[in-house]
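Have a look at the structure below before the remarks.
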Amino acid sequence: MAQNQKNYTLEDHINDWVKVKFSKLKLKNQQDYYTESAIPDYLKEALKGRAKTENKTNFGKPDFSLTKYQIPVVIENKLGLKKLVAESKDGIKFDAKSISNYAVNGALYYATGMIASAQYHEVIAIGISGDSDETINIKVYYVYGSGEHSFKLLENVTTLDFLETEKTFDEFYNEAVLTEQEKHDILISSQAQLQRYAKNLNKLMHNLNITAPQRVLYVSGMLLAMQPVEDKNENKIQDGLIPEDLKGIQTDSKRDGIQIVNQIKEFLNARDIPFDKQKLMLASFSEISKDAQRDEKSVLDKEVAKLINGEASTNKQIFSFIYHNIFLSIDAMAGHLDIMGEMYSEFLKYALGDGKEIGIVLTPPYITKMMATILNVNQNSRVMDLATGSAGFLISAMEMMIRDAENTHGKKTSAAIDKENKIKKQQLLGVELNAEMYTLAATNMILRGDGSSNIQKGNTFRTPEELYTAFKADKLLLNPPFSYEENGMPFIAFGLDKMEKGGLGAIIIQDSAGSGKAIKTNQAILKKHTLIASIKMPTDLFQPMAGVQTSIYVFEAHKAHDFEQTVKFIDFRNDGYKRTSRALQEIDEPTKRYDDIVKIYKAGTRAKIEASWDLNAIFVEDFIGQSGADWNFDQHKVIDTKPTFDDFRKTVADYLAWEVDQLLKGDAGLGK
């Protein structure tokens with residue numbers, strides 16, 4: 001160590017180093033950045049619940065914070081070379097000791113907490129440690145969710161120089177944000193993670209005697225009870241329930257189940273959810289408080305043994321599992337992910353076998369995203385789903401619409417915020433008949449930022465006409481119940497009739513709907529609307545839920561089909577995935593293939609593709625007839641009947657083999 005090197009003896013010495021660095025970057029205290037003792041009120045609100053103490057009413061105090069850029073920055077310092085980060089084989093540790101004693105762990109804890117507050121969607125977290133000017137270590141992270149894995153290390157950033165100006169920060173930010181590949185990877189890994197949680201949670205609820213139909217309502221209701229509640233009168237945000245609030249008290253007003261349901265009601269009231277909608281939702285969620293025995297303390301199930309000390313009620317055990325494994329991760333999961341849908345799919349396997357009996361097969365999130373992209377959903381779209389299910393399509397559409405608004409107006413600008421509110425309140429419409437599914441859809445949209453305003457409970461075909469005429473949909477996305485007559489095709493026919501002229505609709509449905517099982521509806525559709533494209537989907541798409549053969553049909557509304565105009569037929573059976581009962585495996589560049597399929601839809605064999613395709617084999621433009629029974633790819637694929645040299649050689653070889661065989665038989669006959 002050089003003789004002129006001065007060792008730090010206090011954490012304040014690192015703080016002084018940061019201040020000197022900020023001064024060189026011309027950043028001013030209390031204007032461009034804030035110290036631990038002078039955090040502004042709006043940051044205090046975002047940091048509530050992230051204090052490094054057991055008292056959840058406190059707020060966290062990072063050593064430095066900056067809010068002058070498009071997203072906030074939090075910095076945590078620690079004295080000592082070994083105090084930068086604490087990790088295990090599972091990643092960065094978030095136990096109380098690690099958060100208190102290590103710079104990166106503390107900074108990430110604050111950053112994820114700010115996102116959990118719902119006041120921010122992204123944060124930059126910086127950990128700094130060392131024991132002299134020459135041994136300073138810096139790690140910078142882009143944080144995109146509230147979960148314990150919802151961040152990425154920016155390995156090439158090892159100084160604070162990117163904080164110098166808005167321009168340098170913007171250049172840094174553009175490199176920091178998630179790439180499309182990273183977003184896709186998060187979507188797939190989040191889905192797999194959620195499925196694992198759902199499987200374990202299902203096992204827990206089975207062990208605790210929660211019936212299969214009740215289980216998904218438990219999940220959605222408890223997730224709502226965990227949400228922060230905004231007190232508009234006092235302009236404050238109150239924390240939602242946490243596991244420690246459930247104490248196993250046996251009075252009628254304090255039972256764990258009663259507390260959960262009351263918290264749901266308080267949350268729905270604070271969100272100004274209409275009374276009739278609240279009444280419907282609370283009727284479903286009453287399952288949580290109905291049985292007082294579920295609030296009696298009992299021995300812990302092994303699934304929650306590490307989460308709770310001592311005995312706990314059935315409701316608290318389930319609540320604790322959901323809180324730690326789902327609630328704290330929900331914002332870390334990709335935006336297109338249908339939380340309730342994934343849970344419902346898992347529980348459906350146990351409650352209803354493969355779902356065929358009631359025709360409920362929920363669409364995977366990467367498919368809902370692809371279909372919304374094919375329809376060119378953007379910030380000005382008005383998107384309708386008349387068989388809403390758990391709202392997977394509306395979630396994907398809302399995500400795309402908001403991103404488009406942010407790209408146009410800039411993140412967190414007043415114009416972007418105004419447009420986002422309009423999108424959520426006015427530009428999404430869902431209709432669902434099943435009461436439980438309606439509750440899941442409304443919950444799902446609330447958890448994703450509350451696009452629940454126009455989620456309607458009712459029969460699609462008997463809903464008042466004014467609902468559709470006032471909405472003026474120009475995009476329609478559907479996965480109807482295939483147990484409905486003609487495989488569910490009347491849903492798309494009805495929806496197209498209710499759309500604006502020139503609007504686009506897409507339906508994913510059983511192949512048989514396009515090859516003879518829905519002739520009446522299909523013929524009626526062609527008299528008013530145009531079939532633009534038919535996309536053959538993977539044969540294992542809905543495995544392990546249901547082994548159905550499906551296609552996507554794309555339509556243009558209120559333009560009678562021109563039978564002298566061709567339809568695009570695309571074979572997408574190879575989407576790059578292999579599906580098993582346990583996992584979704586990537587085997588052939590699925591990210592590129594899902595990007596390519598949109599390009600192929602637009603440009604056919606001239607598409608500028610990235611994956612390996614034989615475009616002439618998987619894309620056909622062909623005419624359809626008026627029968628309504630020739631809408632599938634296999635009915636139009638080109639079969640090349642021109643013989644090749646290999647065909648000729650094989651034929652000659654077969655003939656010579658036959659001749660030799662005949663000769664041998666002849667010789668055998670002469671010898672008798």
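Annotation: Phe563 is not in aromatic contact with Phe623 [ring centroid separation under 6.0 Å not met]. Taking the six-membered ring for Trp and the full ring otherwise, Phe285 and Tyr218 have centroids separated by 6.0 Å or more. For Phe572 and Tyr594, the distance between ring centers is under 6.0 angstrom. Aromatic ring centroids of Phe542 and Phe482 lie 6.0 Å or more apart.
The shortest side-chain heavy-atom distance between Gln379 and His409 falls under the 4.5 Å cut-off. Side-chain contact check for Tyr144 versus His121: every heavy-atom pair is 4.5 Å or farther apart. Residues Leu477 and Val383 are in side-chain contact: their nearest non-hydrogen atoms beyond the backbone lie under 4.5 Å apart. Residues Phe267 and Ile446 form a side-chain contact, since some pair of their non-hydrogen atoms from C-beta on lies under 4.5 Å apart. With contacts defined as side-chain heavy-atom distances shorter than 4.5 Å, the pair Leu496/Glu556 does not qualify. Residues Ile509 and Met489 meet the side-chain proximity criterion, which asks for heavy atoms closer than 4.5 Å. Residues Ile423 and Gln427 meet the side-chain proximity criterion, which asks for heavy atoms closer than 4.5 Å. The shortest side-chain heavy-atom distance between Leu386 and Phe461 does not fall under the 4.5 Å cut-off.
Under a cut-off of 6.0 angstrom, the local environment of CD in Gln626 is sparse, with at most 12 non-hydrogen atoms contributed by other residues, nucleotides or ligands. Crowding of Lys528 atom NZ: a count of heavy atoms from other residues, nucleotides or ligands under 6.0 Å not exceeding 12. The number of heavy atoms from other shown groups lying within 6.0 Å of NZ (Lys599) is above 12.
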Worksheet item: Passes side chain to side chain contact (heavy atoms under 4.5 Å, CB included), Leu526 versus Ile624? Steps please.
Response: CA-CA 10 Å; Leu526 295 176; Ile624 60 170; 4.1 Å; yes
Worksheet item: So Asn487 and Gln510, side-chain hydrogen bond (donor to acceptor under 3.5 Å, both in side chains) or not? Walk me through it.
Response: CA-CA 7 Å; Asn487 288 155; Gln510 283 181 289; 3.3 Å; yes
Practice prompt. Applying side chain to side chain contact (heavy atoms under 4.5 Å, CB included), run through Lys425 and Asn454 and close with a yes or a no.
Written response: CA-CA 7 Å; Lys425 293 179 180 179; Asn454 283 330; over 6 Å; no
Practice prompt. Evaluate the criterion side chain to side chain contact (heavy atoms under 4.5 Å, CB included) for residue pair Met370 and Met537; output intermediate values, then yes/no.
Written response: CA-CA 12 Å; Met370 181 194 80; Met537 299 304 291; 4.0 Å; yes
Discussion item. Determine whether Gln549 and Thr539 satisfy the following criterion, side-chain hydrogen bond (donor to acceptor under 3.5 Å, both in side chains), listing intermediate values before the conclusion.
Written reply: CA-CA 5 Å; Gln549 303 287 316; Thr539 55; 4.9 Å; no
Fill in: Audit row: Met445, Ile455, side chain to side chain contact (heavy atoms under 4.5 Å, CB included) steps and yes/no
CA-CA 9 Å; Met445 295 301 282; Ile455 304 291; 4.1 Å; yes
Worksheet item: After noting the C-alpha distance and the side-chain angles of Arg573 and Asp634, does the key distance pass the salt bridge (Lys or Arg N to Asp or Glu O under 4.0 Å) rule?
Response: CA-CA 11 Å; Arg573 272 173 279 214; Asp634 286 339; 2.7 Å; yes
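Put simply, the side chain of Glu486 gets close to the backbone of Thr521: a donor and an acceptor are under 3.5 Å apart. A donor-acceptor pair under 3.5 Å is formed between the side chain of His529 and the backbone N or O of His558. Panel note: side chain Asp385, backbone Phe393; no donor-acceptor pair is recorded below 3.5 Å. A donor-acceptor pair is defined here as one N or O able to donate and one able to accept, closer than 3.5 Å; such a pair exists between the side chain of Ser627 and the backbone of Ala629. Judged by distance alone, the side chain of Thr388 and the main-chain N or O of Val431 form a donor-acceptor pair under 3.5 Å. Glu432 places a side-chain N or O within donor-acceptor distance of the main-chain N or O of Gly389, the cut-off being under 3.5 Å. Without hydrogens or angle criteria, Arg382 side chain to Gln426 main chain gives a donor-acceptor distance under 3.5 Å. In this structure, the side chain of Arg294 does not engage the main chain of Gly257 through any donor-acceptor pair within 3.5 Å. The backbone N or O of Arg403 sits less than 3.5 Å from a side-chain atom of Asn407, completing a donor-acceptor pair. Although no hydrogens or angles enter the test, the distance criterion places a donor-acceptor pair under 3.5 Å between the side chain of Gln278 and the main chain of Ile273.
Looking only at atom types and distance, the side chain of Lys419 has a donor-acceptor partner in the side chain of Asn380 under 3.5 Å away. Side-chain contact of Asp562 with Thr530: a donor-acceptor pair under 3.5 Å is absent, judged by distance alone. Side-chain polar atoms of Tyr366 and Asp575 form no donor-acceptor pair below 3.5 angstrom. Remark: the Asp622 side chain and the Thr566 side chain contain no N/O donor-acceptor pair separated by less than 3.5 Å. The closest side-chain donor-acceptor pair between Gln214 and Thr211 falls under 3.5 angstrom. Residues Asn522 and Tyr553 bring no donor and acceptor atom of their side chains to less than 3.5 Å of each other.
Of the residues Asn325, Ile326, Ile210, the one that meets the side-chain contact (heavy atoms from CB on, under 4.5 Å) test with Leu201 is Ile326. For the pairing with Thr363, the side-chain contact (heavy atoms from CB on, under 4.5 Å) check across Asn479, Leu541, Leu478 returns one residue only, Asn479.
Taken from OG in Ser534 to CD1 in Ile570, the straight-line distance is 8.5 Å, to the nearest 0.5 Å. From Ser390, atom OG reaches atom CD1 of Ile395 across 6.5 Å, with rounding to the nearest 0.5 Å. The distance from atom CD of Glu406 to atom CD of Gln70, rounded to the nearest 0.5 Å, is 10.0 Å. Distance check, rounded to the nearest 0.5 Å: CD of Gln227 to CD of Gln263 gives 10.0 Å. Rounding to the nearest 0.5 Å places CD of Gln259 at 13.0 Å from CD1 of Ile288. Rounding to the nearest 0.5 Å gives a distance of 8.5 Å between CG of Asp276 and CD of Gln456.
Across Ile508 and Pro480, no two heavy atoms sit closer than the pair O-CD, 3.7 Å. For Thr368 against Ser396, the heavy-atom pair with the smallest separation is OG1-OG, 2.6 Å. Looking at every heavy atom in both residues, Ala416 comes nearest to Gly410 through CB-O, 3.2 Å. Contact detail for Met222 and Ile260: the closest heavy-atom pair is CE-CD1, 3.8 Å. Across Ala560 and Lys527, no two heavy atoms sit closer than the pair CB-O, 3.3 Å. Looking at every heavy atom in both residues, Thr443 comes nearest to Met281 through OG1-CE, 3.6 Å.
A cation-pi arrangement is present between Lys498 and Phe494 under the rule of less than 6.0 angstrom and at most 45 degrees off the ring axis. Cation-pi contact between Lys536 and Phe569: absent, since separation from the ring centre below 6.0 Å together with deviation from the ring axis within 45° is not met.
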